[in-house]
K.L.:
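Okay, here's the structure, questions in a sec.
These numbers come from a predicted model, not from an experiment. Quick note: numbers below take in every heavy atom, side chains included, and nothing from hydrogens, waters or symmetry partners.
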Amino acid sequence: NAGVTQTPKFQVLKTGQSMTLQCAQDMNHEYMSWYRQDPGMGLRLIHYSVGAGITDQGEVPNGYNVSRSTTEDFPLRLLSAAPSQTSVYFCASSSRGHTSTDTQYFGPGTRLTVL
Amino acid sequence: AQSVTQLDSQVPVFEEAPVELRCNYSSSVSVYLFWYVQYPNQGLQLLLKYLSGSTLVKGINGFEAEFNKSQTSFHLRKPSVHISDTAEYFCAVRSGGYQKVTFGTGTKLQVIP
């Protein structure tokens, strides 16, 4: 298994440009989520999905859109990039257990710079 | 609401010395607690987790953590660190539904040869 994969690894955008960060998992996990990591702030949840066709907002959703058309893929879209979105983005997935105790598996991250 | 506090942003320690990374949490309901490690330019990897049962949890790479409900703490320990343990460590708490995962701000462990 490749686990959780993310592309690209690095990206530089100009203010106002749009782009999509890709995330895929091959573990048949139902839960997927996007976090951003900023210095001194830990990881903050942007959006998450509990299954294909179902998404919801996390702690910092503004400026980002998501969709979940398949179990495997969970892309994150920036419609109009802003310098405040400069960050490292992590995708994570986990299986669905009735006790809600499943482990999250993280991708390697995408380092985004918005000029 | 839940929160996680990692008081130490950086912890330098000599190789083969013991280390403790502190984590305190607050939550009004029962919690699940996690420690993750992040090596440079990599994603997060689960070290250990407390779900229920024994308050002493053993994880990978010789790390362990103790859940203390009265002090709302979940400190991470290792009796003898190695250079390869140099990384950033994150404490996380989950209560309620899946989406309610809160991470601490991280502690950078620097092992000095």
K.L.:
Report yes or no: do A:Leu45 and A:Tyr31 belong to one cluster of Ile/Leu/Val/Met/Phe/Trp/Tyr joined by side chain heavy-atom distances under 4.5 Å?
P.N.:
yes
K.L.:
Looking at chain B, which one of A:Met41, A:Gln37, A:Gln6, A:Lys9 has the largest number of heavy-atom pairs inside 4.5 Å, strictly under?
P.N.:
A:Gln37
K.L.:
Would you say B:Leu76 ends up clustered with B:Phe14 if hydrophobic residues are merged whenever their side chains have heavy atoms under 4.5 Å apart, either directly or through other cluster members?
P.N.:
no
K.L.:
Are there residues of residues 103-113 of chain B whose heavy atoms fall under 4.5 Å of chain A's heavy atoms? If so, which?
P.N.:
B:Phe103, B:Gly104, B:Thr105
K.L.:
Per the salt bridge (Lys or Arg N to Asp or Glu O under 4.0 Å) rule, what does the pair list look like for residues 50-74 of chain A, sequence neighbours excluded?
P.N.:
none
K.L.:
Is B:Val13 linked to B:Ile83 within one hydrophobic cluster, defined over Ile, Leu, Val, Met, Phe, Trp and Tyr using a side-chain heavy-atom separation of less than 4.5 Å?
P.N.:
yes
K.L.:
Less than 4.5 Å to any heavy atom of chain A: does that hold for the side chain of B:Leu46, its backbone, both, or neither?
P.N.:
side chain
K.L.:
Can you confirm whether more than 12 heavy atoms, excluding those of A:Gln17, are under 6.0 Å from its CD atom?
P.N.:
yes
K.L.:
Can you find a heavy atom in the side chain of B:Gln38 that is under 4.5 Å from one in the side chain of A:Phe106?
P.N.:
no
K.L.:
Between B:Leu47 and A:Tyr105, is there a shared hydrophobic cluster once you connect ILVMFWY residues whose side-chain heavy atoms come closer than 4.5 Å?
P.N.:
no
K.L.:
Which residues in residues 108-115 of chain A have any heavy atom lying under 4.5 Å from a heavy atom of chain B?
P.N.:
A:Pro108, A:Arg111
K.L.:
What pairs with A:Phe90 under ring-ring contact (aromatic ring centres under 6.0 Å, His included), at least two apart in sequence or on another chain?
P.N.:
none
K.L.:
Mind checking whether B:Leu21 and B:Val4 sit in one hydrophobic cluster, side chains of I, L, V, M, F, W, Y counted as touching below 4.5 Å?
P.N.:
yes
